S.K.: 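This is the structure I have questions about; it appears just below.
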Amino acid sequence: MKGIMVAAVAAVVSTTLALERISWAGGTRKVDFDAPVRLLADGKPLNEVECMLYPSPVLLDIDSDGQRELVCGDLGGNLWVYENVEEEGDATWGPAVRLQSEGKDLELPNW
Amino acid sequence: MCPQGVDFNADGVNDLVVGTMEGVAFLVPGSTSGFKQPERILDCEGRHILLGKFFNREASKWDETDRSPKGKRNPVDHCVAVVAVDWDADGDLDLLLGAKEGRFYLRKNNGKKGQPEFTAYNEPIPAGKSVLEVPGELTAPRLVDWNGDGRFDLVCGSHDGGVYLCENKGKKGKPAFGKPETLIPPGGQPRFMGSGSGNLPAEPLRPTSGCYVDAVDYDGDGDLDLLVGGRCTWKPEERQLTAAEQQRVKELLAEEKSAQAEMEKLDAKASRTEEQRTTWSQLYRKLEDLDKELCKYLPRPRSAEFVWLYRRR
């Protein structure tokens, strides 16, 4: 699995950048990460359409279908859900849909 | 607003526990037929779970209260994040509250699994001789076993763009966290565009502020990666414009100048009529649209929020 996800999410940065290796040495901790890549949703940079402020991502199986979805909270109190449209292998996130509660868009009083 | 997926009420279905800017802990109960309406989580005295500062919905204003342990005085902190976790390993979920100011507090659950009775006061989380605190204004704390030693560690994002790790060096049921160590350094960019735009990259390279994090094995390789939602500012490189584009830029800049002048006149008024307020909003939207179009031609600083993957090696 290692390495294959980069191809799925790296379309908006250069190949050179995606392969760059980053070591952050802060305090006593040194962890190696690949250079950050922006996730895509429905083929576009995630949040290009939704325009969330302060997107807060979490991966979880929100609809109990056995597959993890990407869920983002935002400053407006909304929760956006992205389905993984692949059955196996690389995750490909579909378009954003608002999380529903009792037939309506769920909204928390965040602001 | 960072959600956590967890079976809070022990009914076998994922619920959402959410900290909000209101300063209050929320539960969005899940069910086999979908999510129910959000509800505020209550403590053993029937009061909302919060720290010191909160938005008082009844009075419609920011307010303060004191939920310090008896004989002590906590700072007036603003709860913005909540994590349900079995802190003391007694089989039920306690609540870890994260304050915007960077500190953490515990609400122990003295009830039973699925029937919580949270303490009525906020117990500060110690770290050595001080209290546990992350720098740069806290956003989303996550409790995960980062180092694979079987204990939950704390990974936390911040508004300054940094992501920090506090390792749990305690025992099961008695967590003890070390000082924050930097997983991702602060972004080093202004939090808001317009407050300085020197040394900007030509394209979005990384989130630099307002970083909300999830630590998760994204690619299934057995280690935890970081998903980071955050803001980035960049300035595209200048390009050669065609004659038609140059003409269009000229028109757009003239329109922009005129709209800005009108807006400045309205800004200078001590009070505005309803009509003037409407005009101001229209001008604001117009300036946004003009800027959007001008950005196609001119290397103006741009700011936007995205979700990024930091894949751990």
Side-chain angles (χ1 to χ4, degrees), chain A residues 1-6 9 12-14 17 21-22 24-29 31-39 41 45-48 51-64 68 70-79 91 99-103 106-111, chain B residues 1-5 13-14 16 18 20-22 24 26 28 30 32 34-38 55 57 139-140 142 157 162 164-165 179-185 203-207 210 212-214 216 218-222 225-231 304-313:
Chain A
M1 282 298 276
K2 200 163 188 171
I4 56 176
M5 292 309 302
V6 171
V9 297
V12 289
V13 295
S14 70
L17 179 63
R21 183 174 172 148
I22 294 175
W24 309 118
T28 55
R29 178 65 47 178
V31 180
D32 284 349
F33 296 102
D34 283 338
V37 288
R38 284 186 287 167
L39 298 189
L46 192 150
N47 201 34
E48 191 173 279
C51 298
M52 289 178 273
L53 292 172
Y54 297 109
S56 176
V58 63
L59 272 189
L60 65 108
D61 182 7
I62 201 159
D63 53 10
S64 304
R68 294 183 303 181
L70 176 61
V71 179
C72 285
D74 74 9
L75 183 68
N78 310 303
L79 289 156
L99 185 64
Q100 300 292 297
S101 170
E102 299 168 357
L106 194 153
E107 193 176 331
L108 285 113
N110 192 48
W111 194 248
Chain B
M1 190 186 77
C2 58
Q4 177 202 14
V13 182
N14 250 343
L16 294 173
V18 190
T20 67
M21 285 301 288
E22 183 179 302
V24 174
F26 274 86
V28 185
T32 50
F35 284 93
K36 298 179 183 168
Q37 281 296 299
F55 190 79
R57 293 274 163 200
T139 54
R142 305 288 182 188
Y164 302 96
L165 165 70
K179 285 184 180 172
E181 298 176 85
T182 308
L183 291 179
I184 298 173
E203 59 180 333
L205 293 182
R206 60 156 288 189
Y212 286 72
V213 67
D214 189 22
V216 62
Y218 185 86
D219 51 12
D221 67 353
D225 310 294
L226 297 178
L227 276 181
V228 183
R231 193 166 186 80
E305 276 143 330
F306 304 104
V307 175
W308 311 69
L309 170 66
Y310 283 79
R311 199 171 67 86
R312 191 173 169 189
R313 292 207 169 218

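The structure displayed is predicted, hence computed values, not measured ones. Proteins get letters first, then strands, A, B, ... in listed order; numbering begins at 1 in each. Basis for what follows: all heavy atoms, side chains included, without hydrogens, waters or symmetry-related copies.
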S.K.: Can you say whether A:E48 sits under 4.5 Å from chain B via the side chain, the backbone, both, or neither, judging by heavy atoms?
M.R.: neither

S.K.: Starting at CD of A:E107, measure out to CD of B:Q37 and round the result to the nearest 0.5 Å.
M.R.: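 It is 10.0 Å, given to the nearest 0.5 Å.
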
S.K.: Could you check A:L108 against B:V28 for side chain to side chain contact (heavy atoms under 4.5 Å, CB included), going step by step and ending with a plain yes or no?
M.R.: CA-CA 9 Å; A:L108 285 113; B:V28 185; 4.2 Å; yes

S.K.: Taking all non-hydrogen atoms of both residues into account, name the closest pair between A:M52 and B:E305 and its distance.
M.R.: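 Reported closest heavy-atom pair: O-OE1, 3.1 Å.
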
S.K.: So what's closer than 4.5 Å to chain B heavy atoms on A:D63: side chain, backbone, both or neither?
M.R.: neither

S.K.: Please name the pair of heavy atoms, one in B:D214 and one in A:P57, separated by the smallest distance, quoted to 0.1 Å.
M.R.: CB-O, 3.3 Å

S.K.: Locate the shortest heavy-atom distance separating A:L59 from B:L227; write the atom from each residue and the value.
M.R.: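 Scanning both residues completely, I find the closest heavy atoms to be CG-CD1, 3.9 Å.
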
S.K.: Considering non-hydrogen atoms only, spot the tightest contact between B:M1 and A:D74 and give its length.
M.R.: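 Nearest pair, atom of B:M1 first, then A:D74: CB-O, 3.5 Å.
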
S.K.: Heavy-atom distances under 4.5 Å only: say whether B:V24 touches chain A with side chain, backbone, both or neither.
M.R.: neither

S.K.: Working to the nearest 0.5 Å, report the span between CZ of B:F35 and CG of A:L99.
M.R.: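 These two atoms lie 5.5 Å from each other.
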
S.K.: Check the pair B:V307 / A:N47 against side chain to side chain contact (heavy atoms under 4.5 Å, CB included), numbers first and verdict last.
M.R.: CA-CA 8 Å; B:V307 175; A:N47 201 34; 5.8 Å; no

S.K.: Could you pull out the closest heavy-atom pair between B:L183 and A:F33, with the gap in Å?
M.R.: O-CE1, 3.6 Å

S.K.: Please round to the nearest 0.5 Å and tell me the distance separating atom CG of A:N110 and atom CZ of B:F26.
M.R.: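 A:N110 CG to B:F26 CZ: 9.0 Å, rounded to 0.5 Å.
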
S.K.: Most heavy-atom pairs under 4.5 angstrom with chain B, which of A:C72, A:P55, A:G73?
M.R.: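 The option with the most such pairs is A:P55.
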
S.K.: Between B:V216 and chain A, with a heavy-atom cut-off of 4.5 Å, which part of the residue counts as in contact: side chain, backbone, both or neither?
M.R.: side chain

S.K.: For A:L46, is it the side chain, the backbone, both or neither that has a heavy atom under 4.5 Å from a heavy atom of chain B?
M.R.: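 A:L46 touches chain B through backbone and side-chain heavy atoms alike.
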
S.K.: With side chains defined as the heavy atoms from C-beta onward, is the minimum distance between B:P38 and A:L106 less than 4.5 Å?
M.R.: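 Counting from C-beta outward, B:P38 and A:L106 do come under 4.5 Å.
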
S.K.: Under 4.5 Å from any heavy atom of chain A, what part of B:P3 do you find: side chain, backbone, both or neither?
M.R.: both

S.K.: With a 4.5 angstrom heavy-atom cut-off, which part of A:Q100 approaches chain B: side chain, backbone, both or neither?
M.R.: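 A:Q100 touches chain B through backbone heavy atoms alone.
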
S.K.: What part of A:I62 gets closer than 4.5 Å to chain B, counting heavy atoms only: side chain, backbone, both or neither?
M.R.: both

S.K.: So what's closer than 4.5 Å to chain B heavy atoms on A:L53: side chain, backbone, both or neither?
M.R.: both

S.K.: What part of B:F306 gets within 4.5 angstrom of chain A, counting heavy atoms only: side chain, backbone, both, or neither?
M.R.: both

S.K.: For each of A:S101, A:C51, A:A41, tally heavy-atom pairs with chain B at distances under 4.5 Å, and name the one with the top tally.
M.R.: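 Heavy-atom pair counts peak at A:S101.
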
S.K.: Salt bridge (Lys or Arg N to Asp or Glu O under 4.0 Å) with A:D34: which of B:R312, B:R206, B:R311?
M.R.: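 Running salt bridge (Lys or Arg N to Asp or Glu O under 4.0 Å) over B:R312, B:R206, B:R311 with A:D34 returns exactly one hit, B:R311.
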
